[in-house]
Each structure stands twice: as structure tokens, then as C-alpha cells.
Amino acid sequence: EDQVTQSPEALRLQEGESSSLNCSYTVSGLRGLFWYRQDPGKGPEFLFTLYSAGEEKEKERLKATLTKKESFLHITAPKPEDSATYLCAWRSNDYKLSFGAGTTVTVRA
Amino acid sequence: DAMVIQNPRYQVTQFGKPVTLSCSQTLNHNVMYWYQQKSSQAPKLLFHYYDKDFNNEADTPDNFQSRRPNTSFCFLDIRSPGLGDAAMYLCATSLGLAQETQYFGPGTRLLVL
């Protein structure tokens with residue numbers, strides 16, 4: 001059965017303390033691994049799409065990487081405004097996006 | 001700015017009273033999706049429209065239905081809301097199906113009394 005596991009469930013960081021979030025997957029025929037950011041009471045905001053092992057993408061303090069079994073979202077020198085829940089999602093057929101449970105990141109000033 | 005708009009942002013209904021949630025988009029995307037997200041859980045796909053073609057997920061309750069009268073608008077109808085239907089309902093769009101990014105609206109928080 002296709003499955004994605006995000007870890008940790010929650011992450012508390014001091015401002016400037018870099019860290020990584022993990023999304024491990026056992027999905028046959030992966031057709032894209034997506035990262036979204038979700039603020040409380042709002043819809044998910046698209047961050048990155050990764051399609052093949054070795055691919056990396058960056059946006060400001062965020063960098064997403066993909067291997068054959070997992071994806072990492074690295075947060076470099078985070079600021080309080082980076083506090084959010086980060087969701088990874090995968091596509092294994094032509095349309096369905098399936099989400100992990102998310103990692104809630106809290107960055108303290 | 002092109003976007004996905006959901007109305008209302010908050011909806012309160014009574015147990016068993018039909019309710020309709022609205023989604024509109026200015027992206028001119030072909031595909032529109034409805035997700036249900038309960039507190040601290042992952043969004044769960046209910047159904048999607050590719051143009052006028054409706055696709056229901058196998059585990060979506062019959063209580064949930066959808067209409068797409070034109071490219072820009074899509075509605076979620078809950079015929080007889082139960083307490084377990086209280087959730088955030090998210091609308092998303094994508095240009096196509098295969099390998100296309102989905103863009104989400106802000107969501108409608110539904111409370112069932």
C-alpha cells in the first residue's frame with residue numbers, strides 16, 4: 001500500500017536554528033512529490049514539486065531534496081514567519097494528490 | 001492576481017440542514033477539486049471535475065455532491081450534514097491532470113450544530 005510518513009510531527013526551533021523535515025515514502029510509480037505550507041485556518045500554499053531522485057529546489061530559506069525513498073525540506077536560519085505546518089504530498093496516478101499528516105514548525109524569536 | 005476564492009470563509013449550519021459551499025477561480029484551470037480536512041489531519045480528496053467530467057472518490061459519502069456550472073465555479077453540496085462533517089473544506093484547481101500543480105483556496109470552515 002502506498003504510504004508517506006512525515007517526521008517529526010512537531011518541531012520547535014529557535015530563530016536562526018537550521019533543521020530538516022523528513023517525508024519518507026513507499027509509493028510505486030511516483031509521479032511527483034509536492035511540498036506545501038499551511039498556516040492555521042488557511043489553505044495549503046504550494047512550495048515545490050520534485051519529480052526525480054537527486055532533484056533539488058530552493059526558495060528563500062527553504063530547500064527541498066528528493067531521493068529514491070525520501071524527501072527533505074531544509075529550513076536554513078528560520079525566522080518566526082516560517083512557523084507553519086509543512087505538508088508533503090505525492091501523486092501516484094494521473095490526478096490524485098495524497099497528503100502526509102504534516103510537520104508543525106514553530107520558530108521562536 | 002489570479003486566484004482561487006472560497007465563500008463563505010466560515011459557515012454554521014444545523015444538523016441535517018443542507019448547506020452549499022462555493023469556489024471560484026480566475027486561473028482558467030480545467031480541473032477543480034474538493035478536499036475535506038479535519039483538525040490536525042491531512043486533506044482528503046472528495047471528488048474532482050475535469051472540465052465537466054465528474055469523478056467521485058470511492059470512499060466519499062453519498063451525502064456529499066458537487067456541481068460545476070461553468071469553468072469558473074464549483075459547488076460542494078452537503079445534503080444532510082452530520083456532526084462528523086464539521087471540517088475545513090478546501091477547493092483546489094490545476095491546469096490539467098498529469099503532473100500538474102494544485103493550487104488551493106483559503107478554505108471554508110464548516111461548523112455543524
Side-chain angles (χ1 to χ4, degrees), chain A residues 1-11 21 23-25 27 29-52 55 57 59 64 66 71 83-106, chain B residues 1-10 21 23 25 27 29-51 53-60 87-111:
Chain A
E1 180 182 347
D2 292 345
Q3 192 170 355
V4 164
T5 303
Q6 289 192 249
S7 62
E9 290 185 12
L11 188 60
L21 316 181
C23 174
S24 63
Y25 64 91
V27 176
L30 186 74
R31 296 188 189 185
L33 190 293
F34 300 78
W35 283 97
Y36 285 83
R37 169 192 171 127
Q38 187 172 26
D39 292 305
K42 296 187 178 180
E45 175 190 347
F46 171 71
L47 294 174
F48 306 109
T49 309
L50 303 165
Y51 289 107
S52 55
E55 191 174 358
K57 289 191 176 174
K59 180 181 179 181
L66 183 66
S71 179
S83 298
T85 295
Y86 292 87
L87 299 166
C88 76
W90 74 100
R91 193 201 308 277
S92 60
N93 61 21
D94 61 356
Y95 69 89
K96 186 172 182 176
L97 203 60
S98 299
F99 285 85
T103 294
T104 299
V105 174
T106 304
Chain B
D1 285 343
M3 56 197 310
V4 182
I5 302 160
Q6 291 190 243
N7 287 304
R9 294 295 314 279
Y10 299 93
L21 309 182
C23 177
Q25 53 125 346
L27 297 161
H29 281 176
N30 295 307
V31 191
M32 296 187 77
Y33 309 80
W34 280 104
Y35 288 83
Q36 179 192 64
Q37 186 178 27
K38 296 188 176 180
S39 182
S40 301
Q41 296 184 20
K44 178 178 178 294
L45 182 65
L46 295 174
F47 26 59
H48 77 276
Y49 272 96
Y50 182 88
D51 197 9
D53 293 333
F54 177 72
N55 294 272
N56 201 30
E57 291 300 296
D59 56 355
T60 298
M88 174 77 89
Y89 289 88
L90 298 164
C91 174
T93 73
S94 66
L95 181 60
L97 288 174
Q99 296 183 319
E100 289 287 353
T101 299
Q102 293 183 21
Y103 296 93
F104 285 80
T108 294
R109 172 75 65 186
L110 178 68
L111 181 62

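Here is how names work: the chains are called A, B, and so on, in the same order as the sequence lines, proteins then strands, and each is numbered from 1.
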- Item | Interatomic spacing from CZ in A/Phe99 to CD in B/Gln37 - rounded to 0.5 Å | 8.0 Å
- Query: About how many Å separate CG of A/Leu87 and CZ of B/Phe104, when rounded to the nearest 0.5 Å?
  - Reply: 8.5 Å
- Who wins among A/Gly41, A/Gly102, A/Ser98, A/Ala101 for the most heavy-atom pairs under 4.5 Å with chain B? A/Gly41
- Query: Contact part of B/Tyr35 toward chain A, heavy-atom cut-off under 4.5 Å: side chain, backbone, both or neither?
  - Reply: side chain
- Output the distance between atom NZ (A/Lys42) and atom CE (B/Met88), rounded to the nearest 0.5 Å. 10.5 Å
- Task: Identify which part of A/Glu9 has an atom lying under 4.5 Å from any heavy atom of chain B, answering side chain, backbone, both or neither.
- Result: neither
- Search all heavy atoms of B/Leu90 against all heavy atoms of A/Gln38 and return the closest pair with its distance. CD1-NE2, 4.4 Å
- So which of B/Gln41, B/Gln102, B/Arg9 has the biggest tally of heavy-atom pairs under 4.5 Å with chain A? B/Gln102
- Mind ranking B/Cys91, B/Ala42, B/Gly107, B/Pro43 by heavy-atom pairs under 4.5 Å with chain A and telling me who comes out on top? B/Pro43
